[in-house]
Amino acid sequence: MEKKNIDWANLDFSYRPTNMRYVANWKDGKWDEGGLTADDKVVISECAGVLQYSQSCFEGLKAYTTEKGQIVIFRPDLNASRMADSCRRLEMPVFPEDKWVDAVVQTVRANADYVPPYGTGATLYIRPYMFGSGPVIGVKPASEYQFRVFTTPVGPYFKGGAKPITICVSDFDRAAPHGTGHIKAGLNYAMSLHAIMVAHENGFAENMYLDAATRTNVEETGGANFIFITKDGKLVTPKSSTILPSITRRSLMYVAKEYLGMEVEERTVPFAEVSEMAECGLCGTAAVISPVGKIVDHGKEICLPSGMEEMGPVTRKLYDTLTGIQMGRLEAPKGWIKVIE
Ligand code: PLP
Ligand code: COI
């Protein structure tokens with residue numbers, strides 16, 4: 001298989017159509033066979049649930065080329081199960097989890113020429129998603145749904161890759177208590193668009209959201225969870241029922257404990273404690289670990305001791321270990337890596 005002629009090392013995080021995508025339809029209470037198609041267009045009712053009431057959810061995972069040249073995906077079973085949680089919360093039909101993983105595998109295999117070669121720094125981003133395709137005008141769940149998976153080769157989510165970024169404390173809330181912050185609903189991202197534009201206009205790469213109820217605790221950003229490293233070398237990460245349970249963060253907690261022998265605390269993180277931290281990073285599939293150098297709270301600057309030049313030393317170790325596992329340089333815990341045959 002010959003790879004596409006793409007300048008892999010200079011890819012940014014944007015959409016570039018690839019050969020094939022997966023489509024399955026839910027109608028009359030059941031899923032059809034599903035399969036691959038070359039057609040990148042979606043035709044739905046003008047009154048589709050997704051268009052009227054934003055009934056949609058999605059996932060994000062990546063395919064990597066390992067050091068030995070195999071194509072692998074990272075913990076797809078966790079994405080399948082998180083999407084099932086999203087569907088249940090949004091009154092959408094669950095796409096069976098084993099079929100979900102198989103749909104992802106089929107789509108990656110069909111686009112193998114777009115999986116960036118080892119060592120380029122790029123990866124193939126995989127976007128499974130589902131939406132209400134049947135018409136609804138009263139507020140209720142749609143009667144028909146479409147599940148799709150496409151792929152797109154990507155580079156770093158933040159310009160500059162591993163360079164520390166500056167973020168700001170947002171005046172907007174991301175998720176309400178007992179709301180939808182813990183699932184990957186499209187509506188969570190729609191409502192964050194104004195907040196991210198305001199942040200960008202003010203020169204910040206991302207928003208730090210605080211908990212909506214008290215505005216005293218750190219939640220997450222628009223597209224990643226937080227990790228902090230304390231001055232005595234512990235990994236601390238916010239625990240909250242209104243943040244997305246990041247698979248990267250859960251993996252890093254394991255890596256920190258089991259590979260690096262670190263202490264790990266998942267707990268409420270008061271914003272007041274952030275100025276005491278040694279390092280801060282944003283973690284997620286797209287973000288990998290993006291180091292944060294500075295957090296600005298309405299003009300008041302918190303400068304992390306790790307600085308603005310490079311990631312802090314502990315963040316670097318976590319980054320190298322996680323990407324080492326993903327790229328096959330380090331042995332993975334059982335079940336973390338799925339090889340695309
Ligand atoms: N938090 C939000 C709001 C996200 O959109 C994402 C991205 O998926 C994450 C966290 C990170 O989750 P994961 O590590 O599973 O990609
Ligand atoms: C991901 O990391 O996969 C995300 O979904 C984050 C962002 C692109 C929304």
| Glu273/Arg267 salt bridge by N-O under 4.0 Å criterion | yes
| Can a salt bridge be assigned to the pair Lys184 and Asp85 using a cut-off of 4.0 Å between side-chain N and carboxylate O? | no
| Should the pair Glu301-Lys294 be classified as a salt bridge under the 4.0 Å nitrogen-to-oxygen rule? | yes
| field | Heavy atoms of other groups near Lys68 NZ, more than 12 under 6.0 Å | value | no
| Can a donor-acceptor pair be found between the side chains of Thr268 and Asn217 at a distance below 3.5 Å? | no
| message | I want to know whether Phe228 and Phe226 have ring centres closer than 6.0 Å. | response | yes
| query | Would you say the side-chain atoms of Ser306 and Glu279 include a donor-acceptor pair closer than 3.5 Å? | reply | no
| request: Take the angle between the ring planes of Phe13 and Tyr125 and call it parallel below 30°, perpendicular above 60°, tilted in between. | output: perpendicular
| said: Pairing donors with acceptors under 3.5 angstrom, does anything connect the side chains of Thr151 and Thr18? | reply: yes
| said: Between Lys163 and Glu309, does any side-chain N to carboxylate O distance fall below 4.0 Å? | reply: yes
| query | Would you call Glu266 and Arg249 a salt bridge, taking side-chain N to carboxylate O under 4.0 Å as the test? | reply | yes
| field | Close aromatic pair by centroid cut-off 6.0 Å: Phe150 and Tyr129 | value | yes
| field | Donor-acceptor pair between Gln326 and Tyr64 side chains, under 3.5 angstrom | value | yes
